[in-house]
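Accompanying notes for the structure given below.
Below, read A as the first sequence line, B as the second, and so on, with proteins coming before strands; counting in each chain starts at 1. Only heavy atoms go into these numbers, but all of them, side chains included; no hydrogens, no water, no symmetry mates. Note that the structure is predicted; figures quoted are calculated from it, not measured.
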There are 2 protein chains.
Amino acid sequence: MSNVGGMRIGELAKRAGTTTRALRYYEARGLLPAQRDGNGHRTYDESDLRLLRQIRTLQDFGFGLEETRPFVECLRAGHPAGDSCPASLAVYRAKLDELDGLIGQLRSVREQVAAQLARAEEARAALAAGAEVPGGPEPVCEMTHGGVFE
Amino acid sequence: MSNVGGMRIGELAKRAGTTTRALRYYEARGLLPAQRDGNGHRTYDESDLRLLRQIRTLQDFGFGLEETRPFVECLRAGHPAGDSCPASLAVYRAKLDELDGLIGQLRSVREQVAAQLARAEEARAALAAGAEVPGGPEPVCEMTHGGVFE
DNA sequence: CGTTGCCTTGACGCCGGCGTCAATGTCTAA
DNA sequence: TTAGACATTGACGCCGGCGTCAAGGCAACG
């Protein structure tokens with residue numbers, strides 16, 4: 001059943017498009033344990049590659065490492081896909097909620113910043129117009145005039 | 001011109017809704033320098049409060065400390081508002097771009113996660129339907145059945 | 001026999017914005 | 001006098017996901 005194609009950490013890293021440092025980190029976190037050969041070198045097989053790819057995919061989507069754990073365990077349990085298990089689906093849903101909340105916040109902030117910008121630009125336009133009027137307000141500082149007083 | 005109402009760090013922090021630690025941090029960053037009294041205690045006046053409020057407002061909007069600097073310097077230069085200066089407007093615009101990019105990314109991720117979730121749910125529905133058929137696929141593991149094999 | 005190349009563990013660095021001690025000083029009220 | 005409430009500087013901790021360096025081991029190749 002399990003593939004015999006043992007590879008070492010460098011090769012696995014390359015094939016998954018990541019680094020050996022990351023792999024050791026995953027192992028330290030208990031996310032991707034490795035077999036060892038006679039020299040103490042980590043040994044991985046094809047199924048490890050699948051687990052690792054699952055991790056990487058989720059990471060690229062912005063999932064935290066802990067959030068990938070259910071997917072990895074699901075795969076290790078023999079399921080056809082990392083998201084074949086309820087726990088994985090729960091993570092999906094939680095992430096959707098999180099994203100919705102975040103997107104909402106960011107849009108709100110964006111609106112307010114845009115409003116501030118518009119207001120400030122208008123104020124500056126009003127100032128410029130006032131400057132054209134004889135007896136307009138005195139110049140405010142160097143930053144509004146390109147370092148004249150610098 | 002400058003207000004005589006000298007207060008110490010604790011009071012300023014309270015009035016601005018922040019902490020003394022933050023104020024010392026801002027000073028260390030050169031963002032909000034303070035006068036000292038005979039005992040080496042920091043002394044602030046009302047104008048410092050205005051600067052600090054500008055910083056806090058922007059921070060609440062998600063601006064980094066360095067991004068607040070133009071606003072603070074603008075105020076210190078005597079302008080009526082922190083965003084009366086071109087440099088501040090530039091920060092506004094940069095932030096808008098940043099937010100737009102971020103929001104776009106998050107929406108893209110949201111769509112893909114939603115699609116994955118839909119796909120996975122459909123797959124599970126198909127599995128369940130298959131189980132009802134005589135001679136359906138064998139049960140996959142404990143995670144799909146509530147810990148039967150646990 | 002030396003060099004290259006892969007592997008090992010351990011430990012510190014980074015980023016941002018402070019929180020949280022620790023040890024010490026100063027002023028004030030009872 | 002003593003306690004309490006304020007202040008000071010210095011320094012380490014945190015979070016996440018590694019990067020990067022250090023010091024060493026083992027194998028294969030020329």
Check your understanding: Mind checking whether B:Phe61 and B:Tyr92 have ring centres under 6.0 Å apart?
Key -> no

**Study point:** Between C1' of C:dC6 and CZ of A:Arg24, the distance in whole Å
**Key:** 10 Å

Point to revise | Charged N-O contact under 4.0 Å between A:Arg110 and B:Glu98 | key: no

Review point. Within the modelled atom types, does a donor on one side and an acceptor on the other bring the side chain of A:Arg21 and the base of D:dT20 under 3.5 Å apart?
Key: yes

Check your understanding: Between C:dG16 and B:Gln59, is there an OP1 or OP2 to side-chain N/O distance shorter than 4.0 Å?
Key -> no

Check your understanding: At under 4.0 Å, does any side-chain N or O of A:Tyr26 touch on OP1 or OP2 of D:dG17?
Key -> no

Check your understanding: Between A:Thr19 and D:dG19, does any side-chain N or O lie under 4.0 Å from OP1 or OP2?
Key -> yes

Check your understanding: Whole Å only: how far is the CD atom of A:Glu27 from the P atom of D:dG17?
Key -> 17 Å

Review point. Between B:Arg42 (CZ) and D:dA7 (P), how many Å, whole number?
Key: 10 Å

Check your understanding: Is there a side-chain polar atom (N or O) of A:Arg8 under 4.0 Å from OP1 or OP2 of D:dC26?
Key -> no

Check your understanding: If you check the A:Ala22 side chain, which of C:dC7, C:dC18, D:dC18 turns out closest?
Key -> D:dC18

Point to revise | Closest nucleotide among D:dC18, C:dC27, C:dC7 to the A:Ile9 side chain | key: C:dC7

Practice item. In whole angstrom, give the distance that lies between atom CE of A:Met7 and atom C1' of C:dC7. Key: 16 Å

Review point. So, are B:Glu27 and B:Arg36 salt-bridged, with charged N and O less than 4.0 Å apart?
Key: yes

Check your understanding: Whole Å only: how far is the CZ atom of A:Arg36 from the C1' atom of C:dC6?
Key -> 15 Å

Practice item. Report the nucleotide, chosen from C:dC7, C:dC18, D:dC18, that has the shortest atom-to-atom distance to any side-chain atom of A:Arg56. Key: D:dC18

Revision key, fill the gap. Note: for B:Tyr25 and A:Glu11 on DNA chain C, the residue whose nearest nucleotide lies more 5' is A:Glu11

Check your understanding: Taking all atoms of both residues into account, what is the closest heavy-atom pair of B:Cys85 and A:Arg124, and its distance?
Key -> CA-NH1, 4.3 Å

Practice item. Could you check how far OH of A:Tyr44 sits from C1' of C:dC6, rounded to whole Å? Key: 14 Å

Exercise for review: Measure across B:Lys95 and B:Gly62 and return the closest heavy-atom pair with its distance rounded to 0.1 Å.
Suggested key: NZ-O, 3.6 Å

Check your understanding: Hey, which of these two, A:Asn39 or A:Thr18, hits DNA chain D nearer its 5' end, going by closest nucleotide?
Key -> A:Thr18

Review point. Rounded to the Å, how far apart are B:His41 NE2 and C:dC27 P?
Key: 7 Å

Exercise for review: Would you indicate whether A:Glu121, at its atom CD, is surrounded by more than 12 heavy atoms from other residues, nucleotides or ligands within a distance under 6.0 Å?
Suggested key: yes

Review point. Bend across the helix from C:dC1-D:dG30 to C:dA30-D:dT1, to 10°, with axes taken over 5 pairs at each end?
Key: 40°

Review point. Do you see a donor-acceptor pair shorter than 3.5 Å between the side chains of B:Arg24 and B:Thr20?
Key: yes

Practice item. Let me know the distance between CD of B:Glu66 and P of C:dG17, rounded to the nearest Å. Key: 8 Å

Exercise for review: Locate the shortest heavy-atom distance separating B:His79 from B:Ser84; write the atom from each residue and the value.
Suggested key: CB-CB, 3.8 Å

